[in-house]
Amino acid sequence: MKRKAESYKLFPIEEAAIADLQASMDSGEASSESIVRLYLKRIKKIDSGDGGLNAVLQVNPDALAIARALDKERKAKGPRGPMHGIPLLLKDNIDTADQMETTAGSLALLGSKPARDAFVVKLLRAAGAVILGKANMSEWANFRSENSSSGWSARGGQSRNPYFLDRTPSGSSSGSAIAVSANLCAAAVGTETDGSILSPASNCGIVGIKPTVGLISRSGIIPIAHSQDTAGPMARTVADAAILLGAMTGVDPADAATLGSPLMSPNSAVVDYGTFLKPGGLRGARIGVVRSASFGFRAELYPILDTVVAALRAEGSEVLDPLELPHAAELGEAEFSVLLYEFKADLESYLAGRPGGTIKTLAGLIEFNKKNADREMPFFGQEIFEQAALKGPLSDREYLDALALNRDLIRAKGIDALLGEHKLDALIVLSNGPARKIDLINGESSNCGSSTPAAVAAYPSITIPAGWYRDLPIGVSFIGTAWSEGRLINLAFGLETALKARKPPSLIPNSL
């Protein structure tokens, strides 16, 4: 027994894939409990305290007990599947009915415990995952102020990019991305409305999947806007992201959007995206390269995209370069208008169903922030909250017209038109620019990014590490039509294999 415990201590968790962890548990080299202990030790070493990454908001006090129970089950019955015993972190806007808090990073929700797990957490627990803790995030998913600092929350403070600690991790799934990149967990769950998975994944050098809206239930997740919100996996490899995505999918009667998926019926629990992890997926694929000026990328970043294009062609893809996404620049303020309307309606609906809390309206939340301005608003305000509070019901013509415009321009006349005209499997774009320096006083300067088309369309997108700019990671994103996650995973897996661009972070204190 003593030798076995020692061997557990030596098991390497840095850059360990889910398949590696499963193999170690199957062979007896490690156990879920020992793996959880190693991650907890690493969190304590490099995440906590002054100068730490500040990615983990709260560790689950039940994590070791859950892992022990899963180890006993494995020994008695074998593993439930590929997620059995695997430690995950959840973004702090995903409900868990346990000893942890769910606050969206805000002090306003402390002590108000959800009555039940979010549906996606229920699925993950059923798959045998260990919920290791909650990840820090941009407070209220970066929908409070236009001058915010990504990765900052009143509850958790400022989280830091693991490549250079003075750089932003981007957001709003900041802690989830940092923790995955810095090997504080096997994988993590983030959420996205527009860029909140793709952008931090790119800036932190990992894989992120923003699924089709409706593939994953949103019930029990603190919302921004139901027309664009989705949870999604964040991992170090496409394979791990695909495994986690499969465990998160399922039809939820409480989220009508999940009833529209052609991939599932009420009798199917998960989709096995591992079947798309096959070599040769790029051979014969038709891929369009979008270099739209509206994305705002500097010329210095295009050599990375050129390298990607060369790799695609070398792997047998037919690449159309460049293409322009039609009508993308015509949205104007339509997306923001939709988000303001839906945020007020969706947040108040969520708060009404949460027991124990005294704040049930957006107006009440605004007042809380004013009364606690020294803690909640020491660096930036809540002007987005205030704009949303002025909006009327979802029957307003302004809202309905903006929503219809979004869908018409970006779906039928945008992504689908471009894919159909050229018979493409997917589009590919740079994900976003290099991580900016953290600036709590002025907020982040505007950054380039390409997440909006897939976000507004509610279509899937996958970012993977593609290259480096001044030692900062840069990702590229595949974008497809609705429910095309499997094909995108196949393409991303092929490109990841060809590029091998992922490098673990070095936790350097200061950048140039």
Side-chain angles (χ1 to χ4, degrees), residues 48-50 52-58 90-96 100-114 133-160 168-176 178 190-191 193 196 200 221-225 229 336 339-340 342-352 354-391 438-444:
S48 307
D50 293 340
L53 292 167
N54 210 24
V56 181
L57 198 55
Q58 183 175 11
L90 305 177
K91 190 176 179 180
D92 184 46
N93 59 351
I94 302 174
D95 285 352
T96 54
M100 294 187 291
E101 302 275 359
T102 305
T103 68
S106 171
L107 303 175
L109 297 186
L110 276 174
S112 166
K113 296 295 185 71
K134 293 290 182 74
N136 200 4
M137 60 181 283
S138 308
E139 186 173 318
W140 294 109
N142 244 351
F143 205 71
R144 199 190 86 184
S145 171
E146 294 173 353
N147 297 313
S148 64
S149 174
S150 290
W152 184 91
S153 69
R155 187 174 165 215
Q158 180 65 53
S159 55
R160 304 178 185 282
T168 177
S170 191
S172 63
S173 303
S174 312
S176 298
I178 298 163
T191 67
T193 306
S196 287
I221 298 177
I222 299 173
I224 290 182
D229 285 353
F336 188 53
L339 299 187
L340 290 173
E342 292 188 2
F343 178 68
K344 181 182 180 182
D346 294 353
L347 180 65
E348 291 186 349
S349 176
Y350 170 86
L351 293 173
R354 181 158 166 159
T358 58
I359 298 173
K360 297 298 182 182
T361 65
L362 181 55
L365 183 56
I366 290 171
E367 188 60 28
F368 175 91
N369 288 341
K370 289 179 179 177
K371 290 180 179 179
N372 297 274
D374 58 331
R375 296 185 296 162
E376 276 289 349
M377 299 192 293
F379 304 114
F380 51 88
Q382 56 179 345
E383 61 272 14
I384 294 178
F385 275 15
E386 291 163 350
Q387 291 177 65
L390 297 175
K391 295 298 183 182
I438 294 169
D439 188 343
L440 287 167
I441 303 303
N442 300 305
E444 292 173 21

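Since this is a predicted model, take the numbers as computed values, not measurements.
Taking the side chain to side chain donor-acceptor pair (under 3.5 Å) definition, one finds that Q158 meets it with S149, sequence neighbours left out. Legend: residues meeting side chain to side chain donor-acceptor pair (under 3.5 Å) with T361, ordered by chain and number and at least two apart, are absent. Looking at residues two or more places apart in sequence or on another chain, you find a side-chain contact (heavy atoms from CB on, under 4.5 Å) between I441 and F379, D439. With sequence neighbours excluded, no residue forms a salt bridge (Lys or Arg N to Asp or Glu O under 4.0 Å) with K113. Residues passing the ring-ring contact (aromatic ring centres under 6.0 Å, His included) test with F343 are F143, F385, sequence neighbours excluded. With sequence neighbours left out, S172 forms a side chain to side chain donor-acceptor pair (under 3.5 Å) with K91, S196. In this structure, R160 has no salt bridge (Lys or Arg N to Asp or Glu O under 4.0 Å) partners at least two apart in sequence or on a different chain. The side chain to side chain donor-acceptor pair (under 3.5 Å) search around K344 returns none, not counting sequence neighbours. With sequence neighbours excluded, the residues that form a ring-ring contact (aromatic ring centres under 6.0 Å, His included) with F380 are W152. With sequence neighbours left out, E342 forms a salt bridge (Lys or Arg N to Asp or Glu O under 4.0 Å) with no residue at all.
Considering NZ of K360 and CZ of R354, their distance stands at 8.5 Å, rounded to 0.5 Å. The line from CD1 of I221 to CG of L90 is 9.5 Å long, rounded to the nearest 0.5 Å. The CG atom of L440 sits 10.5 Å away from the OG atom of S148 when rounded to the nearest 0.5 Å. The distance from atom CD1 of I178 to atom OG of S173, rounded to the nearest 0.5 Å, is 10.5 Å.
Shown are L365, T102, I222; of these, the side-chain contact (heavy atoms from CB on, under 4.5 Å) with L109 is made only by I222.
Side chains of N147 and N442 form no contact here, defined as non-hydrogen atoms less than 4.5 Å apart.
Taking both residues in full, the closest heavy atoms of A389 and L362 are given as N-CD2, 3.6 Å, listed atom of the first, atom of the second, then distance. Scanning all heavy atoms of the two residues, the minimum distance from G171 to P200 falls at O-CD, 3.5 Å. Contact between S153 and G105 at its shortest, heavy atoms only, is CB-O, 3.4 Å.
Sequence neighbours left out, the pairs with a member in residues 135-155 that pass salt bridge (charged side-chain N to carboxylate O under 4.0 Å, His left out) are D92-R155, E139-R144, R144-E376. The list of side chain to side chain donor-acceptor pair (under 3.5 Å) pairs with a residue in residues 379-389, not counting sequence neighbours, reads S145-E383, N369-Q382.
Side-chain N or O atoms of S138 include one that pairs as donor or acceptor with a backbone N or O of G151 at under 3.5 Å. Formation of a donor-acceptor pair under 3.5 Å by the N93 side chain with backbone atoms of W140 is not found in this model. A donor-acceptor distance shorter than 3.5 angstrom exists from the side chain of N372 to the backbone of F368, with no hydrogens or angles considered. The main-chain N or O of S174 is never found under 3.5 Å from a side-chain atom of N136 such that the two would form a donor-acceptor pair. Checking side-chain atoms of K134 against main-chain N and O of T103 turns up no donor-acceptor pair under 3.5 Å.
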Item to check | Evaluation steps, side chain to side chain contact (heavy atoms under 4.5 Å, CB included), between S150 and E444 | outcome: CA-CA 7 Å; S150 290; E444 292 173 21; 2.7 Å; yes
Next on the checklist: Please determine whether side chain to side chain contact (heavy atoms under 4.5 Å, CB included) holds for the pair D346 and I224, giving the CA-CA distance in whole Å, both sets of side-chain angles, and the decisive distance to 0.1 Å.
Outcome noted: CA-CA 7 Å; D346 294 353; I224 290 182; over 6 Å; no
